Each structure stands twice: as structure tokens, then as C-alpha cells.
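Beneath this line is the structure, given in C-alpha cells, with notes to follow.
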Amino acid sequence: MTTLKPGIIVHLDELHASSPFAATPSQSLRVLGQLNSYDVETGIALITEAGASLKVDTQLLHDVALRQGSLYQFIGELNFTASNEMVLQARVGRNVDGLDLKLYDKALQLRRQFEKEHVHA
Amino acid sequence: MLASEPVMKPVREWGLDPMYFSHVRLLAFDLLAVRPLPHMPGRFGRRGRPLRKVEMLGVVVSTDQKERYIRFTLDDGTACVPCVLWMNHSRLQVTNPKRLELELQNELTMSLMRQVKLGQLLRVQGRLTVFNNQIQITVSSLQGERDPNAEVLHWMECMRLASHCYDLKPPSQSNG
């Protein structure tokens, strides 16, 4: 089994051209968002979170039922299309309806701080 | 915060440390940072305290099922931890007096294995072991989590336990 990189958990509004998460090619990420639209032919889904959006390529996901308006979490690699658009190539996805987003955001902030303190300790 | 790795206590005092007997809840990056102790397989050290068993929660990002075991990887966003679940009773002897018991254990393991699916949020408990120079969890039990909030709660508990328990000095009789 090859070593998999962990999908760093990010918010969609942290993903922009100059963000550190988009600096390295094929950065492994975990994103969360509401499914806005889904193209059955190309497998490209558009998810939104707090005003920001991201395209997710779901071709590799077979047993994830995608429903518009539901919350999903995807783990995959961030790539750029020819037109320099960000697309997450998802390898794993799951439905997270019922997740408390405020709590999630707060816990994530605490966790990042915890990680920073402990890695250098 | 400690500047360098503290010295482990003598082995005879390990039994006084509850951390040695419990399933220690760690975030993945913290779990992979524990130190295998030389000449003591299955014993690990974290900040001067001994540990053997861990509990972790994460999303299954890879699975590899073989006849006698299933290997999978759990990703909690900080690191990926390899896990292995053994199926020890695949070849049953018909004459074995414990056949019924083994069959039950077998079925139990099979039902656990069925829960290991890509994208599933899993909580696992098990022993820490080293395989191919890499730390892994040899799973003894696992539960699929349906509530997505369970993951958030687990993060908070890991952080609380680290700062209120695991990072502190163990209770001791010799120097309290």
C-alpha cells in the first residue's frame, strides 16, 4: 500500500490562487460544502460554503449518492484545469447532513492551533 | 511545554500510570509521533509516559482485503494511520471443542470487516504495532460513526485529554 497523504481540512474561502494550499500541485485536501449542482455526464459537482465555491470531480466515486442541497465532505487532490480553474479530484466522499457548521468551524480553528503547538513541542 | 523528550520512568513504575492500560485517544499526527521503545515490542513512549493501546477516529481512505486480514488507512486530516484487522479464525477445525466460540468470533470479525468501506467515518480501538518500520494500529474493535458531529467531538476530546492528562506528568508515588 502506497503512503497516502492526509487530506488537510480547509474551508472553501481559504482556497484562492495565492493561498498556501494551492501552491503545491496535487495538494491533498478535505473540503466541505453544500452540493449546488451536479453534471451527470462529466461527474463535475459544484459545492458552496459560506459564499465560496469549488468544482469537485466525482468520477472516481461510485457509491456516494449525490443529492442537491445536501452537505458533503470530499477528500482528494487539488488540480488546475487548462483555464487555471481549481478542481478537486475526489477519491473519497461522504454525506455529512446534520453537521453543526459553527461547531465544526470553531473546533477546526482550535485544532489548527493545537497542531501548531504540538508539532513543535 | 517540554523542550526535549522527557526520560521514561523505570519499567516497574509503568503499572502506576493509567495511560498504560487505557485506549489513549490521539489525533493522527500525535499518534504517529509516539516513540517505539527499544527491545520492547508493543510498548511506546509519548512525552515520557508509556502507552500500548490507542483509540482513533477518521475517514477510511484506502482498503485492501485479503483472506486473513483487512488493511485500511484512516485519515483524520492531520495524518494517515494504517490499520490492520486480523481474521484469526478463518480455518476452523470441525473437531475443535471450541468450534462454536470460534465461529461466533469469526462472524463478529466479519461484521466488523463489512463496516470498513471507503468514505466511512470509523472509530477504532487497538494495539500499536510496528510493521515495515511504520507505526500501525492492530485493530481489536471498531465502530462506524453515523453522526458527522462525532468527529468534531472526538477532536475536542483529544485536545482536552492531551492538555489535561496525557501531556502532564504521570501520577507517581516516588515524586508527585
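Please read these numbers as outputs of a predicted model, since none were measured by experiment. Chain letters run A, B, ... following the sequence lines, proteins first and then strands; every chain starts at 1.
Few gaps surround CE on B:Met40; more than 12 heavy atoms of other groups in view lie less than 6.0 Å from it. In the displayed structure, B:Arg127 atom CZ is contacted under 6.0 Å by at most 12 heavy atoms of other residues, nucleotides or ligands.
Of the atoms belonging to B:Met156, it is side-chain heavy atoms, and not backbone ones, that fall under 4.5 Å from chain A. Using a 4.5 Å cut-off between heavy atoms, A:Asp97 contacts chain B through its backbone alone, with no side-chain atom that close. Using a 4.5 Å cut-off between heavy atoms, A:Leu110 touches chain B through backbone and side chain atoms alike. For A:Lys5, the part lying near chain B is the backbone, with the side chain staying farther off; criterion is any non-hydrogen pair under 4.5 Å. In this structure, no portion of B:Asn132 lies under 4.5 Å from any heavy atom of chain A.
When the side chains of ILVMFWY residues are joined at heavy-atom separations under 4.5 Å, either directly or via intervening members, B:Phe72 and B:Leu31 end up in a single hydrophobic cluster. Note on B:Met56: it clusters hydrophobically with B:Leu122, by side-chain heavy-atom contacts below 4.5 Å among ILVMFWY residues. A:Leu99 and A:Phe74 sit in two unconnected hydrophobic clusters of ILVMFWY residues. Membership requires side-chain heavy atoms under 4.5 Å apart, directly or through other members. Under a hydrophobic-cluster definition in which Ile, Leu, Val, Met, Phe, Trp and Tyr are linked whenever side-chain heavy atoms come within less than 4.5 Å, directly or via other members, B:Val24 and B:Leu74 are assigned to the same cluster. One hydrophobic cluster, built from ILVMFWY side chains closer than 4.5 Å, cannot hold both A:Ile8 and B:Leu121; they sit in different ones.
Rounded to the nearest 0.5 angstrom, B:Asp76 CG and A:Ile9 CD1 are separated by 7.0 Å.
The residue among B:Gly119, B:Gly77, B:Ala28, B:Gly58 with the most heavy atom pairs within less than 4.5 Å of chain A is B:Gly77. Of the residues considered (B:Leu153, B:Val60, B:Val61, B:Asp147), B:Val61 shows the highest number of contacts with chain A, using heavy-atom pairs under 4.5 Å.
Checked by atom type and distance alone, the side chain of A:Asp100 never pairs as donor or acceptor with a backbone atom of B:Asn149 at under 3.5 Å.
Closest heavy-atom contact between B:Cys80 and A:Leu4: SG-O, 3.6 Å.
By the 4.5 Å heavy-atom criterion applied to side chains, A:Val92 and B:Asp75 are not counted as neighbours. Within the 4.5 Å cutoff, the side chain of A:Leu108 has heavy atoms near those of the B:Trp155 side chain. Between B:Thr78 and A:Arg111 there is a side-chain heavy-atom pair separated by less than 4.5 Å. A heavy-atom distance below 4.5 Å is not found between the side chains of B:Leu27 and A:Glu115.
A salt bridge links B:Glu151 with A:Arg30; the closest basic N to acidic carboxylate O contact falls under 4.0 Å.
Relative ring orientation between A:His118 and B:Phe29 is described as perpendicular, the plane-to-plane angle rising above 60° on a 0-90° scale split at 30° and 60°.
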